Structure formats: structure tokens, C-alpha cells
Amino acid sequence: MNKYRTHNCNQLRKKDIDKKIILSGWINKKRDHGNLLFVDLRDNYGITQCIIDKDNENFSKLEKTQLETVIKIEGKVVSRSDDTVNKEIETGEIEISIESFEVLGSCNELPMPVFSDQEYAEDIRLKYRFLDLRRKKIHENIILRSKVISFIRDEMIKAEFLEFQTPILTSSSPEGARDFLVPSRLNPGKFYALPQAPQQFKQLIMVSGFDKYFQIAPCFRDEDARADRSPGEFYQLDLEMSFVEQEDVFNVVEKLLVNTFTKFSNKKLMYDKFPKISYVDTMLKYGTDKPDLRNPLIINDITEIFDRDDVTFEIFKKLVKSGSKVRCITTKNTKDKPRSFFDGIDKWAKEQGASGLAYFTLEKDGDLSAKGPIGKFFSKEALIEIMEKTNSAVGDSLFFACGKQNELEKITSQARDKIAKDLNLVDDNTFAFCWIVDYPMFEKDEDTNKIKFSHNPFSMPQGNLTENELKNPLNILAYQYDIVCNGIELSSGAIRNHKPDLMYKLFSIAGYNKKQVDEKFSGMINALSYGAPPHGGIAPGIDRIVMLLANEKNIREVTMFPMNQNAQDLMMSAPSDVDEKQLKELGLSLKTKK
RNA sequence: GGGGGUGUAGCUCAGUUGGUUAGAGCGAUCGCCUGUCACGCGAUAGGUCGAGGGUUCGAGUCCCUUCACUCCCGCCA
């Protein structure tokens, strides 16, 4: 028999009454009646109420034992009377009559309570993460994460994918995020980089003939954090398949995500078959490439309206003449909303740095008219054209923004969220997945005005790419796709370019000559020259999937030992200073010394 | 790098128009209490009001600087 326990703290039931048992766990809570003491003993599995009275020689010692002390209790399972049964816990029909107890791990005064639903400042939670992780909600989140990962691994293996590990110390790549660098002792002055993703390795696995690969892969990017973006490191379900087209990847991932989300959440799926939205369409209709499709509001472009002579809103007309566009959001049946609703949104827009959101409401009091600050600038005929273009009706309101395309996309996208929130249009009990497809291969760098890869340089361009098409690189689309759920980007993937000749052409557009490509991507480009299969894949973000399933808004709530926003681990004190000796071995010296 | 929010007891927070000795709940310590499950009751200890400077007869409160945490923008192929 194990000397610490015969049962865990969620095991004992009525059928165990009169058994002599041993339990070990943490003191979750004490209720001290002076001559009678209740102790809630907690472990990973649950809580069991234990009881001791003053006749027991251990009474006063246990009475003075701190919460969160780890103790071992020997005693007898006894029945609870009907009026003292606790239906909140699974062991609530019984309790343990304590005969003796022993302290296994003592506990100092707590810097933060464990048994409480209160929220605490993050720095304390992170410094004492081992205490924080004892708390119910986050403890359950981490267990959920484990179960989700097991399930996904299981599904992938069932689908005949092979799991492989890829190097953590690899080479720095010029494209994309900042790398974490690791100095090499054996090669002084040279650096490894931690992988931003196993991108090149998974393609090499395909070239090596393994056909279907996956990995729950750690990824490292030295970029600033957000609520849904851990600093430093995160995990992806990295997968890659040979001899596939885009649709084959979609089928695998769609099935996996539907299975995962139906298994681990009770929320409804808005679509079993994920809708596909082109990049151009999503940027117009939603102003972003990660649209929240639970939100029914749609953005429409009505720039042309301002060419009409019977539209006299001169501010917009003038801006349109100089190249600006006008886009609007229609809200259904909002004619009775108070003035404060409309002004609130206009004020909010100004706070976001926009010049505000103009608005009017369509009304028909005899004649069709627009009520609101800018209503008077539109003729009846112009209003009819607007109604056709925006699919709006009498009683609806329209919010207008005018500006350069990228500014407009940003503000209308934010306004879509804001208005939907104010009108309570988003059903929080739903997951709305979609594919964003047909990303452009290239984009223009705003600062340098140079052409650069808009996503992954290894993606396969669409079409045959005649010399003529290559002259207009901004028109080239890629077999590049994202999965979005509830406005969160879950994953990004592509059919890869497995043809070296084409690769050189595309890189030359982005300003890399053959020699540079050979140097920077030697492993890849070399491998593609020795019989590479057509292949493609994707990499859903594990942390974000768990975040959605756990209904959390912050990724740290589903990460066991996260760093703070400044990429510091407050518990382990990382990053830290290192010895001069270590630096010397690596051939490094520091420019900045404290 | 930029913008917003927050910072008062170990924890969560209140603190009015600038005005006497800065409060509450939880936790800690001590005492009372034999059926609680957020047990109850009483007492005690516990404060660099994030830090520094300024205005003022007087600053937790107003101003400036700065630090920490957090959210957002940039960034994240």
C-alpha cells in the first residue's frame, strides 16, 4: 500500500462508508467552530471534507495549520446527515472523520489566496505561478489544454500522419519575424536561431518522401506581445502533406477542427463547412483578413455616390476627387435608437484617431429622406442608389467613413466590432470559422516603396505566370490561406512552391538575386532540385485553439508558465545576466553594462 | 518606438472640493463558538498611498518627471 494515500480527494462515495482510508492533499479551506473543525482537503482530482473535534489529540495542531499546507490524513469514511450533504462537490455525501494527520509540506503565509474567485494582478500571479496554477479555473484550463493536444495527436495519427521532431537550433532567416539568436561556442562569432516555425524542415520532410507529417511544434518569434500572442514562444499543430491541392488540406483541417471543437465545447458551430472568402472580399466586406463572422454587419463601398451632382456633401466629394474612398456600415432598424447611440460611435471613432463617423437614418414620412447631421446633402434619388448598393431599407442607419483605402479598412473594421458590441449583435455562444483564400503573393512596402513577399516566400503562386503577368507582381495571387474563428487568426498555410526556377523568379521580384537565395535558403533550394513532390500544409495555433475552447480572452490563461508582456519570466527570472566567463567562451562582449 | 488604463495593508478594493490620527472585506496573530461548506462573533498587528521633484499654510488627492504591470498601434513571412 502506498504510504501517502489509499484514495484521491475525489474518489470516496457512500459505498465507502466505514472504510479506513488515507488521503493526502492541500488544505483548501478550514472552518473552525472552536470545538469542531472542518478541513477541505484538495488535490488534482477534487475536494473531500474532513472533520476533527476537540477530543482528538491532533485537534489544536491541525487548527493552527496554514491553508495550502500539504497534509496526510488517516481516518474513517463517515456518512453525512441529509441536511449536511454538499451537492456542490462529488464527495459531498460523505466526509472523513480524522484520526491522525501529518504535515508533508508546510506553507508560508500566502502572497495570494488560492481558494478564491477574485482576480489578481498578473505580476503576482506570474511570480507565484505554482500557486496560481492550483486555482480551479486555470488548473482546469491547463488540463483542457493537455486533453486537446492528446485528442489532436490521436486524430492526426488516425489520419495516417507521422509525428517527427525538427531542430530547435537552426539558422536565422531573413524573412519574417525577428529571430531569437543563440551564439555558437564551437563556431565563434556565428549564431543559431530558434525556429519561427519548422517551415523549411517540414518541406524537407516532404522532399524526403514521408508523405504526411505533423508535430505539436514550439515556435519562437522575438516580437511584441498581445493578449492573444505570447511573447517569445508558442505552439502550432504543424502539418504538411505531399501530392495535395489546397482543397485536400482544407478537408483534413476542417474535419479536425470540427471534431475538436464539438468534443471540447458546447458552443454551436455556425458553419460545419467553413465558408471561403477571398482576401479582396474580406478586406472590403469586413475591413480585415480576420473577420468575426458572428457579427452580421457588412461594409459597403459607395465612393461612386459622391460623383453625383445631387449629392452635396462637399467634404467627402473633395476627398473622393483626390483619391479617397467612402465606405459605410448599415445597421438594421435603428431609427428609434437615441441620439446618444449615434454620437457615441462618432465620438469613439474620433478617439481611434479617425476624423469621426458621419451617419444618417433612412426614413419615410411621406417622402424618402435621410435624418441626421449629413442627411440633407443627399437627394431622394441618391438615397435610392445607396439603398440598392448597401442592401438597406427604411428604418436602417448608415455610418460613413472617408479616407485612403488602408485607413478606411482599419477604421471600418474597428467600427464594425464597436457597433455590433453596442447593439449586442454577436452571439457569444457560437464559433464561426472561415477560410481566407487567394492572398496576394506580393505587396508594396509602405516605407521603402519596394515589392516584398506579403506572406510566405515559399508559397505557390496561382496561374501559369507568363512573363507578362510577372511584370505586374502585385496582381499575382498565391495558394495561401488562413483559418479564422471569431475574429482570431487560428492558422496560416499554403501550397508550397516546389519548383526552383519559379522560386528564383519570385525571389528576384522581391529583390533577392540567385546567389542570395542560394545562400539564405541553401537547404531548401538545393533539396527542391532533387525531385521534390508538390506539397502543402498549414499550422493551426494550439494556444489560440485552447483559448477559444476555454472561453478565455488572454493566452496566458491557457499557458502554464507564460512570460509577461516584456518577455520576462518573473518566476524563473529570465532573461538573466550571465557570467563573464560564459560570454568569453562564446566570444561575446557586452556593449551595455549596468 | 508611440498611445490609453492601472498602481493605497500580504490579497481585493474604498478614500468626496486639497483639510484632523488614511478605511473596509479577505488573509495573519490571539480569544470565544460541536454541523460548517465564502461558518459566525470579538480583539490585535499590519501602510515609503509605486518612486522622485514641484505647487500650497496643508497633497493619497493638483502639476512635472520616472518606474512597474496591462490593453492597443507599430511589429508578428
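Throughout, protein chains are lettered first and strands after them, A, B, ... in sequence-line order, and every chain is numbered starting at 1. Owing to the predicted nature of the structure, the values given are computational and were not obtained by experimental measurement.
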Separation of [N] [atom2] from [X] [atom1] (nearest whole Å):
| X | N | atom1 | atom2 | answer |
| --- | --- | --- | --- | --- |
| A/Q199 | B/C76 | CD | P | 16 Å |
| A/Q196 | B/C75 | CD | C1' | 12 Å |
| A/R125 | B/G7 | CZ | C1' | 18 Å |
| A/E68 | B/A28 | CD | C1' | 15 Å |
| A/D117 | B/C26 | CG | C1' | 13 Å |
| A/L110 | B/U12 | CG | C1' | 15 Å |
| A/Q118 | B/G27 | CD | P | 11 Å |
| A/R544 | B/C76 | CZ | P | 14 Å |

Integer angstrom distance from the [atom1] of [N] to that of [M]:
| N | M | atom1 | result |
| --- | --- | --- | --- |
| B/G46 | B/U8 | C1' | 14 Å |
| B/U55 | B/C11 | C1' | 35 Å |
| B/A22 | B/C13 | P | 23 Å |
| B/U16 | B/G50 | P | 14 Å |
| B/U61 | B/G42 | C1' | 35 Å |
| B/C62 | B/C49 | P | 16 Å |
| B/A38 | B/G47 | C1' | 27 Å |
| B/G27 | B/U20 | P | 31 Å |

### Message
Applying a 3.5 angstrom cut-off to the pairing atoms, does RNA chain B sit in any stems of at least three consecutive Watson-Crick or G-U pairs? List them by first number.
### Response
B:1-7 with B:67-73, B:10-13 with B:23-26, B:28-32 with B:40-44, B:50-54 with B:62-66
Are more than 12 heavy atoms, taken from residues, nucleotides or ligands other than [X], located less than 6.0 Å from that residue's [atom1] atom?
| X | atom1 | value |
| --- | --- | --- |
| A/D82 | CG | no |
| A/K290 | NZ | no |
| A/Y235 | OH | no |
| A/K276 | NZ | yes |
| A/Y192 | OH | no |
| A/K14 | NZ | no |

Would you tell me whether [X] and [Y] have side-chain atoms, one donor and one acceptor, within less than 3.5 Å of each other?
| X | Y | result |
| --- | --- | --- |
| A/N56 | A/E99 | no |
| A/S100 | A/N58 | no |
| A/T282 | A/D289 | no |
| A/Q49 | A/R31 | yes |

### Query
Along nucleotides 65-73 of chain B, 5' to 3', which nucleotides get a B, which get an S, and which get a -, given that the test is a protein heavy-atom distance under 4.0 Å?
----SBBSB
### Contact pattern, 5' to 3', of nucleotides 36-47 of chain B - B, S or - by protein heavy atom under 4.0 Å
BBSB--------
Would you mind classifying the nucleic acid contact of [X] as base, sugar-phosphate or nothing, using non-hydrogen atoms under 4.0 angstrom?
| X | value |
| --- | --- |
| A/P111 | sugar-phosphate |
| A/S459 | nothing |
| A/I51 | base |
| A/L37 | nothing |

### Query
Any sub-3.5 Å donor-acceptor pair from A/N554's side-chain atoms to A/R556's backbone N or O?
yes
### Query
Does the separation of the ring centres of A/Y504 and A/Y512 fall below 6.0 angstrom?
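Centroid separation for A/Y504 and A/Y512: 6.0 Å or greater.
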### Query
When you look at A/H498 and A/F458, which way does the ring pair (Phe, Tyr, Trp, His ring centres under 6.0 Å) test go after all the steps?
CA-CA 8 Å; A/H498 66 287; A/F458 303 122; over 10 Å; no
### Query
Between the base of B/C76 and the side chain of A/R229, is there any donor-acceptor pair under 3.5 Å?
yes
### Residue mapping more 5' on RNA chain B - nearest nucleotide basis, A/E109 or A/S79
A/E109
